[in-house]
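Worksheet: the structure to be examined is printed underneath.
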Amino acid sequence: MPPEYDWENFSNVTVKRLFSMITTLGTAALEDEEKLEQLNNLLSEMEEIYSTGQACEYDDPKTCLDLNPGLEDCMADSTDYNRLLFCWEGWRDAAGRRLGDLYSQFVELSNEAVRADGWNDTGEYWRSWYETADLQQQLETIYQDLQPLYQNLHAYVRRKLINTYGAEMVNAEGPIPAHLLGNMWAQTWGNIYKLVIPFPNKPSIDVTDEMVRQGYDARRMFNLSDEFFREMGQIPMPGSFWDRTMFVRPDDREVVCHASAWDFYLDNDVRIKMCTKVNQEDLVTVHHEMGHIEYFLQYAHQPLPFREGANPGFHEAVGDLLALSVSTPAHLNKVGLLPELVDDPEVDINFLMQMALEKIAFLPFGYLIDQWRWRVFDGSTTKDKYNEEWWKLRTQYQGIVPPVPRNPDKDFDAGSKYHVPANTPYIRYFVSFVIQFQFHEAMCSLSGYTGDLHKCDASAGAMKDVAGSRLAEMLRMGKSQPWPEAFEVLTGDREMSAAAILQYFAPLIDWLEKQNENETLGWNNGWTPPY
Ligand SMILES: C[C@H](NC(=O)O)C(=O)O
Ligand SMILES: [Zn+2]
């Protein structure tokens with residue numbers, strides 16, 4: 001059927017862009033009603049399994065732990081090798097194993113649906129949102145630029161874990177057992193800061209204890225974030241946000257506790273759903289989710305197809321960007337969460353280590369999830385190879401290994417990570433972790449700040465209003481133009497680059513290189529811990 005409008009030949013760029021977006025249907029292109037229903041049923045069944053999964057000891061129901069808070073707290077707080085192993089393996093038995101068959105059925109239907117929309121496979125459709133022909137090459141180049149820093153952090157942390165768990169369980173030249181990094185997926189390592197802190201005798205920069213001491217609750221954490229967005233000249237959270245947001249895990253029903261932000265595209269109805277815990281990690285997550293809400297509010301005036309991030313990485317970067325200012329010891333001191341502020345290079349290194357455990361540790365994880373998924377969608381990774389390929393990438397990029405043998409027929413470890421059963425693309429977080437430092441560098445210089453990038457609190461700059469209004473200008477554009485146009489409004493650049501994140505961590509890189517003089521950088525993929 002010829003198109004009613006010959007929109008591809010329209011001269012008005014904006015109307016042409018609108019048509020191009022409106023005519024892109026994605027999985028909604030699947031005309032077979034029954035198959036579309038099956039696709040959606042598979043998604044809700046996978047979400048149900050993920051949100052109710054539990055690990056129990058000896059099948060004793062009194063010992064059962066949910067992912068949030070029980071199993072995540074186990075991974076965050078325990079330093080008992082075998083207890084960590086119980087939580088790590090228990091979650092994968094409860095969630096991952098039960099999702100393998102459903103996921104492969106989902107892949108087939110998702111591909112059939114996007115092919116009806118003219119895409120080769122779902123991965124190609126997802127990558128199209130970046131409007132960047134050489135996206136994969138650009139990301140690989142940036143990853144290569146960052147790998148030396150990651151390998152230095154990995155070698156340093158590995159040495160510290162040998163000190164904690166012994167050379168039997170952690171090998172000085174091998175990959176690290178995946179359950180020892182303080183997180184269910186080893187994606188951020190902030191929870192083992194206590195094991196790796198460079199200068200333990202210096203004043204703490206972790207504010208969790210102070211938050212608890214001051215009686216912080218979820219709502220106060222959200223208020224602190226909202227106040228910072230206002231201070232930076234952004235749009236305050238609307239009244240309905242405070243009435244309709246889910247701040248904490250309810251005790252009367254099962255919910256998906258993975259934090260999320262929602263745009264109802266109507267009357268400024270925007271909400272967050274989060275099972276907030278009172279700690280520094282969740283204070284950053286509150287800013288992350290509120291960053292999504294801010295973007296929703298800033299582009300609400302745009303025509304519907306433009307009410308998206310300039311690319312998905314932008315949406316993930318907004319909240320983290322502001323959290324980079326909030327997380328500085330100077331800002332935490334200003335809001336009364338850090339009693340004493342000392343100007344001491346060793347405290348700086350402690351701070352940069354804490355940030356690196358969140359931001360550098362994450363980079364290979366953020367990069368590999370969709371490397372795995374794109375190959376599943378394009379068919380080069382077949383179902384029988386799902387788990388083998390998953391661990392090949394996890395060891396190759398992250399330098400970790402499973403602490404117990406994996407059963408290729410039963411285990412589906414990719415399914416133990418929310419975004420796979422929830423079908424949320426993941427490369428957006430790798431993009432975000434790179435561009436948020438380019439945004440931060442721009443905000444800092446626009447605000448008139450001239451010191452070290454890692455010490456910058458943009459809200460302290462004499463010209464913070466200039467920085468805030470430039471950020472708002474970028475956010476207001478939504479997806480009305482290709483992302484380099486929006487990128488240029490705030491940064492003056494048009495390309496992603498690792499330069500800003502490397503500049504932020506420069507003092508730590510020097511320090512780590514000295515620490516690692518006698519360490520092996522990297523790992524031999526073949527080593528496994530004693531089972
Ligand atoms: C980094 C990613 N953040 C998010 O989902 O909001 C995650 O938690 O895995
Ligand atoms: Zn997010």
Side-chain angles (χ1 to χ4, degrees), residues 47 50-51 67-69 71-72 75-76 91 95-96 126 129 178 181-191 222 225 229 245-246 255-263 270-277 279-299 308-324 327 355-373 390 394 397-398 400 413-437 439 475 501:
E47 187 106 289
Y50 190 90
S51 64
L67 174 62
N68 178 310
L71 292 171
E72 286 183 350
M75 300 306 293
W91 174 244
W126 287 2
W129 301 329
L181 280 312
N183 172 275
M184 184 57 86
W185 305 279
Q187 69 182 70
T188 50
W189 303 351
N191 291 315
F222 277 70
S225 180
F229 278 82
T245 281
M246 188 190 94
V255 295
V256 174
C257 265
H258 189 87
S260 55
W262 299 74
D263 187 356
V270 288
R271 311 177 198 179
I272 287 174
K273 175 175 65 65
M274 186 169 168
C275 303
T276 312
K277 297 174 215 166
N279 61 41
Q280 181 158 353
E281 182 179 15
D282 273 17
L283 182 61
V284 174
T285 302
V286 166
H287 285 77
H288 174 90
E289 297 307 333
M290 204 170 273
H292 288 301
I293 301 290
E294 190 59 44
Y295 216 164
F296 299 151
L297 297 171
Q298 290 282 9
Y299 58 47
E308 295 285 350
N311 75 41
F314 278 58
H315 233 299
E316 300 307 334
V318 180
D320 284 13
L321 161 64
L322 296 180
L324 287 173
S327 302
M355 291 303 286
L357 294 175
E358 293 300 321
K359 300 294 183 182
I360 302 301
F362 178 80
L363 294 170
F365 183 79
Y367 185 66
L368 75 86
I369 304 282
D370 282 351
Q371 300 300 328
W372 177 82
R373 230 173 347 186
W390 173 258
R394 291 267 268 168
Y397 283 106
Q398 282 188 272
I400 62 174
D413 292 327
S416 74
K417 176 61 191 168
Y418 170 78
H419 297 66
V420 173
N423 198 40
T424 306
Y426 210 83
I427 200 70
R428 59 185 60 179
Y429 301 106
F430 178 75
V431 170
S432 160
F433 275 49
V434 172
I435 65 176
Q436 65 185 245
F437 286 90
F439 292 165
L475 300 182
I501 189 172

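As the structure lists them, so they are numbered: ligands from 1, and atoms in each ligand from 1. Keep in mind it's a predicted model, so treat the numbers as computed, not measured. In what follows, residues are counted from 1 in the order of the sequence shown.
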Contact atoms of ligand 1, heavy-atom distance to E289 under 4.0 Å: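 The list of qualifying atoms is 6 (O).
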I need the atoms of ligand 1 closer than 4.0 Å to a non-hydrogen atom of F362, numbered in the order shown.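 With F362 as reference, the close atoms of ligand 1 come out as 1 (C).
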In the structure I gave you, are the side-chain heavy atoms of I427 and R373 within less than 4.5 Å of one another anywhere?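 No, too far: nothing below the 4.5 Å cut-off.
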Using a 4.5 Å cut-off on heavy atoms from C-beta on, say whether the side chain of W185 contacts that of W91.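 When only atoms from C-beta onward are counted, W185 and W91 do touch, with a gap below 4.5 Å.
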Minimum distance, heavy atoms only, to atom 8 (O) of ligand 1: which one of H315, H288, H258 is it?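 Looking at heavy atoms only, the winner is H258.
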Anything under 30° is parallel, anything over 60° is perpendicular, the rest tilted; go ahead and classify Y299 against Y295.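 Y299 and Y295: tilted rings.
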Parallel, tilted or perpendicular for Y418 and Y50, by the 30°/60° rule?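 Y418 vs Y50 ring planes: perpendicular.
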Please test H419 against Y429 for ring pair (Phe, Tyr, Trp, His ring centres under 6.0 Å), starting from the C-alpha separation and ending with a verdict. CA-CA 11 Å; H419 297 66; Y429 301 106; 5.3 Å; yes
Closest non-hydrogen atom pair, C275 against D282: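 Smallest heavy-atom distance, with atoms named: O-OD2, 4.0 Å.
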Looking at atom 1 (C) of ligand 1, what's its closest protein heavy atom, distance included?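 Here the closest protein heavy atom is Y426 OH, 3.5 Å.
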For atom 3 (N) of ligand 1, what's the nearest protein heavy-atom neighbour? Residue, atom name and distance, please.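 Among all protein heavy atoms, the one nearest atom 3 (N) of ligand 1 is Y429 CE2, 3.4 Å.
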Look at the N, O or S atoms of H292, main chain and side chain alike, and state whether any lies under 2.8 Å from the Zn ion (ligand 2).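 Checking the Zn ion (ligand 2) against H292, an N, O or S atom does fall under 2.8 Å.
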Would one find an N, O or S atom of E316, in either backbone or side chain, under 2.8 Å from the Zn ion (ligand 2)?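 True for E316.
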